[in-house]
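Starting from 1, each residue takes its place in the sequence as its number.
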Amino acid sequence: MKLNKILCLVSIPFGIIFILLIVANIIVLATPSLRFQNIEDLPNNQPCLVLGTSKYFKSGKLNFFYIDRMQAAAQAFKFHKCSNFVLSGGDRSETIRMRRSLMALGVSKDVIVQDNKGYRTIHSIRNFKNIYGYQKGIVISQGFHNQRALYLAKQENLDMIGFDAQEQWQNFGSYVLAREVLGRARAVWDVYFTDSSEN
């Protein structure tokens with residue numbers, strides 16, 4: 001009996017956390033958002049926010065999410081959908097790498113600024129608004145990430161749409177999916193429990 005009571009008491013917090021995770025994910029996924037996969041559907045000459053990610057996994061393998069994200073941004077520039085870019089990453093080395101990748105794909109350095117304080121998606125969104133002064137624009141990442149970014153943008157009263165980069169899941173699908181489930185929960189927490197002026 002005592003063991004059953006202990007197990008019951010231990011399971012209650014985990015059950016609550018599980019329910020909160022589900023609710024948070026529903027909130028993010030149910031938020032209306034405009035996301036496009038076809039470049040021709042995007043409006044012209046918009047400020048674009050490119051969300052950073054590592055170029056390589058810890059294993060040393062190339063991160064195709066990074067490659068596809070850079071290619072999507074370069075395509076948007078080529079088709080005159082992006083007038084300028086804010087490259088948002090967690091440190092200077094990450095945004096330098098992004099800048100070099102875009103320049104190698106034909107994007108002019110004159111239309112690129114680096115946000116080195118985009119530690120998480122909420123920071124990237126808030127910096128786009130509070131530091132760089134934009135009220136609308138296009139966010140570029142994979143679709144699952146854009147959904148979360150657009151949820152955060154909506155909470156910050158930004159008029160943003162998403163351009164979804166290609167998604168190559170390969171052997172990292174389960175890891176990325178699990179991380180995104182937690183990321184959505186963190187996004188809801190950030191909206192309600194962090195300072196909106198935080199950079």
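- Side chain of E180 to main chain of H145: no donor-acceptor pair is present (N/O by atom type, distance under 3.5 Å, no hydrogens or angles).
- In the hydrophobic clustering of this structure, L182 does not group with I16; members are Ile, Leu, Val, Met, Phe, Trp, Tyr whose side-chain heavy atoms approach within less than 4.5 Å, directly or through other members.
- Atom CD of E156 sits about 12.5 Å away from atom CZ of F128, to the nearest 0.5 Å.
- The two residues V139 and A149 come nearest to each other via the heavy atoms CG2-CB, 4.2 Å.
- In this structure, I161 and L150 approach most closely via the heavy-atom pair C-CD2, 3.8 Å.
- Looking at heavy atoms from C-beta onward, K129 lies in side-chain contact with Q135 at the 4.5 angstrom threshold.
- Tracing side-chain contacts under 4.5 Å through hydrophobic residues (I, L, V, M, F, W, Y), one never reaches Y192 starting from I22; they form parts of separate clusters.
- For Q147 against L29, the heavy-atom pair with the smallest separation is NE2-O, 3.7 Å.
- Classification of the F77-F85 ring pair by plane angle, with boundaries at 30° and 60°, yields tilted.
- Taking all atoms of both residues into account, the shortest heavy-atom contact from Q142 to Q166 is NE2-O, 3.0 Å.
- Contact detail for L105 and A74: the closest heavy-atom pair is CB-CB, 3.6 Å.
- Considering only heavy atoms from C-beta on, R186 comes within 4.5 Å of D190 through its side chain.
- One distance of note links CG of L152 with OG1 of T121; it measures 6.5 Å at 0.5 Å rounding.
- Minimum heavy-atom separation, P47 to K136: CG-O, 3.2 Å.
- Side chains of F163 and D41 form no contact here, defined as non-hydrogen atoms less than 4.5 Å apart.
- One distance of note links CG of L87 with SG of C48; it measures 10.5 Å at 0.5 Å rounding.
- Between L49 and I125 the shortest side-chain heavy-atom distance falls below 4.5 Å.
- Under the 4.5 Å side-chain criterion, counting only non-hydrogen atoms from C-beta, S101 is in contact with Y66.
- Looking at Q71, its side chain never comes within 3.5 Å of a backbone N or O of A165 through a donor-acceptor pair.
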**Message:** Assess the residue pair F36 and I138 against the criterion (side chain to side chain contact (heavy atoms under 4.5 Å, CB included)); give the C-alpha distance rounded to whole Å, side-chain angles, the decisive distance to 0.1 Å, and a yes or no.
**Reply:** CA-CA 10 Å; F36 301 95; I138 300 171; over 6 Å; no
Residues 89-96, side-chain donor-acceptor partners within the protein, below 3.5 Å, at least two apart:
from : atom 1 : to   : atom 2 : distance (Å)
D91  : OD1    : S93  : N      : 3.1
D91  : OD1    : S93  : OG     : 2.6
D91  : OD1    : E94  : N      : 2.9
E94  : OE1    : G90  : N      : 3.1
E94  : OE2    : T53  : N      : 3.1
T95  : OG1    : R92  : O      : 3.1
T95  : OG1    : Q114 : NE2    : 2.8
T95  : OG1    : N116 : OD1    : 2.5

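- By the 4.5 Å heavy-atom criterion applied to side chains, F144 and L177 are not counted as neighbours.
- Residues S88 and D115 have side chains that bring a donor and an acceptor to within less than 3.5 angstrom of each other.
- Criterion: ILVMFWY side-chain heavy atoms under 4.5 Å apart, direct or through other members. Under it, V28 and F193 are part of a common hydrophobic cluster.
- From L20, atom CG reaches atom CG of N25 across 11.0 Å, with rounding to the nearest 0.5 Å.
- V111 is connected to M70 through a chain of hydrophobic side-chain contacts under 4.5 Å among Ile, Leu, Val, Met, Phe, Trp and Tyr, so both are in one cluster.
- Side-chain contact annotation: N84 with Y132, donor-acceptor N/O pair under 3.5 Å absent.
- No donor-acceptor distance shorter than 3.5 angstrom exists from the side chain of D68 to the backbone of E167, with no hydrogens or angles considered.
- Taking the side chain as every heavy atom from C-beta outward, I140 and K81 never approach each other to under 4.5 Å.
- Note: the hydrophobic cluster containing L21 does not contain V188 (ILVMFWY, side chain heavy atoms under 4.5 Å, direct or indirect links).
- In this structure, the side chains of V86 and Y134 come closer than 4.5 Å at one or more pairs of heavy atoms.
- Rounded to the nearest 0.5 Å, atoms NZ (K117) and OG (S124) are 13.0 Å apart.
- Formation of a donor-acceptor pair under 3.5 Å by the R69 side chain with backbone atoms of L51 is found in this model.
- To the nearest 0.5 angstrom, I26 atom CD1 is 11.0 Å from R184 atom CZ.
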